[in-house]
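Read the structure below first, then the notes.
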Amino acid sequence: MRVILLCLSLVYSLVWTMSVDAAEYVIDSRGAHASIVFKFKHIGISWLTGQFKSFNGTFTYDQNDPGASKIVVEIDPASLDSNHAERDKHIRGEDYLNVARYPQARFESTRIEPLGEGKATVYGNLTLHGQTREIAIDANLTGQGNDPWGGYRVGLEGFTVLSTTDFGFKMPPTNEVHLELYLEGVRR
């Protein structure tokens, strides 16, 4: 009987340890503790910047096995905001994002390659403008710990450059959009 109790105790402690190490997080976009920022060249002269105001997602993170982590983010392209209403209307329109026809963008990681010291390359499928392509995001763990409200949070940042022609539209002169992701997740 003692052996059975000892074995059950050991199994319980292993399961408890695994569930504490690998946890699921909800991206805190509603609390404005996350952002997806973009920039692109305007007629080859200066950078135009903006953000997507409506997005949500989850990620799993295991500090003992970062490669086993997973990220899913859904973005409402109609929430694009570059601080200029007429330009935003044009970018949301048929010439570019065509949000009436493609009302959602989605990223889902397929693999994560840890690089050490909180850095990783996150590979995944991005669906944008009706096209799905694999992209790579340079990611960094920015911090983790208890928050003042009794929860536990993990912060991540990521950087990538998209070729708009890969997604079926052009943004001259370079057809490149730089994305910066700042994600703070609250453990469920």
Side-chain angles (χ1 to χ4, degrees), residues 9-41 47 49-75 77 104-128 131-167 171 174-188:
S9 176
L10 180 61
V11 168
Y12 177 76
S13 69
L14 285 174
V15 169
W16 176 253
T17 302
M18 288 188 326
S19 67
V20 169
D21 291 341
E24 186 169 328
Y25 295 82
V26 175
I27 296 171
D28 190 8
S29 55
R30 290 186 181 168
H33 296 118
S35 58
I36 299 175
V37 178
F38 61 84
K39 71 178 183 178
F40 58 89
K41 283 284 195 164
W47 290 104
T49 63
Q51 64 181 319
F52 292 98
K53 295 209 167 210
S54 180
F55 63 93
N56 63 64
T58 60
F59 63 88
T60 57
Y61 176 69
D62 182 345
Q63 66 185 14
N64 295 324
D65 186 9
S69 301
K70 181 129 177 106
I71 300 170
V72 175
V73 179
E74 295 178 343
I75 303 166
Q104 185 183 57
R106 185 174 202 277
F107 174 79
E108 183 170 352
S109 65
T110 54
R111 71 186 189 282
I112 297 176
E113 291 181 5
L115 302 173
E117 299 182 14
K119 298 181 184 309
T121 302
V122 178
Y123 295 92
N125 293 320
L126 174 64
T127 302
L128 174 68
Q131 305 289 320
T132 301
R133 300 285 182 264
E134 183 179 62
I135 65 169
I137 300 171
D138 296 326
N140 301 301
L141 176 68
T142 58
Q144 61 183 318
N146 296 319
D147 64 26
W149 307 282
Y152 190 85
R153 294 175 182 252
V154 169
L156 307 168
E157 65 182 1
F159 307 94
T160 193
V161 179
L162 303 178
S163 170
T164 58
T165 56
D166 287 348
F167 294 95
M171 293 204 63
T174 64
N175 295 312
E176 288 184 349
V177 174
H178 296 245
L179 286 179
E180 301 174 14
L181 304 103
Y182 301 99
L183 307 177
E184 184 173 302
V186 180
R187 185 165 56 196
R188 286 188 183 188

Any chance you could lay out the side chain to side chain contact (heavy atoms under 4.5 Å, CB included) test for L181 and F107, step after step, and finish with the verdict?
-> CA-CA 12 Å; L181 304 103; F107 174 79; over 6 Å; no
Least distance between heavy atoms, Y61 atom then S69 atom = CA-OG, 3.5 Å
Side chain proximity check, T58 to R188, heavy atoms < 4.5 angstrom | yes
Using the test ring-ring contact (aromatic ring centres under 6.0 Å, His included), find all partners of H178 that sit at least two apart in sequence or belong to another chain.
-> W47
Go through the steps for R106 and V72 under the test side chain to side chain contact (heavy atoms under 4.5 Å, CB included), then give the verdict.
-> CA-CA 7 Å; R106 185 174 202 277; V72 175; 3.4 Å; yes
Begin from the C-alpha positions of L179 and V37 and carry the test side chain to side chain contact (heavy atoms under 4.5 Å, CB included) through to its verdict.
-> CA-CA 6 Å; L179 286 179; V37 178; over 6 Å; no
Taking every heavy atom of G31 against every heavy atom of D28, the minimum-distance pair comes out as N-OD1, 3.0 Å
Any idea how Y182 and F159 line up, ring-wise: parallel (<30°), tilted (30 to 60°), or perpendicular (>60°)?
-> perpendicular
Nearest heavy-atom pair of S35 and Q51: which atoms, and what distance?
-> CB-OE1, 4.2 Å
Heavy-atom pair of closest approach, residues N175 and M171 | OD1-N, 2.6 Å
Among V177, T132, L128, find the residue that satisfies the side chain to side chain contact (heavy atoms under 4.5 Å, CB included) test when tested with F167.
-> L128
V73 vs I36 side-chain heavy atoms within contact, under 4.5 Å = yes
The salt bridge (Lys or Arg N to Asp or Glu O under 4.0 Å) partners of R133 (sequence neighbours excluded) come to none
Pair up each side-chain donor or acceptor in residues 110-121 with any protein partner under 3.5 Å, not counting sequence neighbours, and list the distances.
from: T110; atom 1: OG1; to: Y123; atom 2: O; distance (Å): 3.3
from: R111; atom 1: NH1; to: E134; atom 2: OE2; distance (Å): 3.1
from: K119; atom 1: NZ; to: N140; atom 2: OD1; distance (Å): 3.3

For the atom pair CG (N56) and CZ (R30), what is the distance rounded to the nearest 0.5 Å?
-> 7.5 Å
CA sep, side-chain torsions, deciding dist, call: V154, R187, side chain to side chain contact (heavy atoms under 4.5 Å, CB included) = CA-CA 8 Å; V154 169; R187 185 165 56 196; over 6 Å; no
Counterpart residues, salt bridge (Lys or Arg N to Asp or Glu O under 4.0 Å), relative to D147 (two or more places apart) = R153
Without swapping roles, check the side chain of T142 against the backbone of G155 for a donor-acceptor pair under 3.5 Å.
-> yes
For E180, salt bridge (Lys or Arg N to Asp or Glu O under 4.0 Å) partners two or more places apart = none
d(H33 NE2, I27 CD1) to nearest 0.5 Å is 14.0 Å
Does atom NZ of K41 have more than 12 heavy-atom neighbours, drawn from other residues, nucleotides or ligands, at distances under 6.0 Å?
-> yes
With sequence neighbours left out, write down each residue that passes side-chain contact (heavy atoms from CB on, under 4.5 Å) with T49, or none if nothing qualifies.
-> K39
Note: S109 and V122 closest approach over all heavy atoms is CB-CG1, 3.9 Å
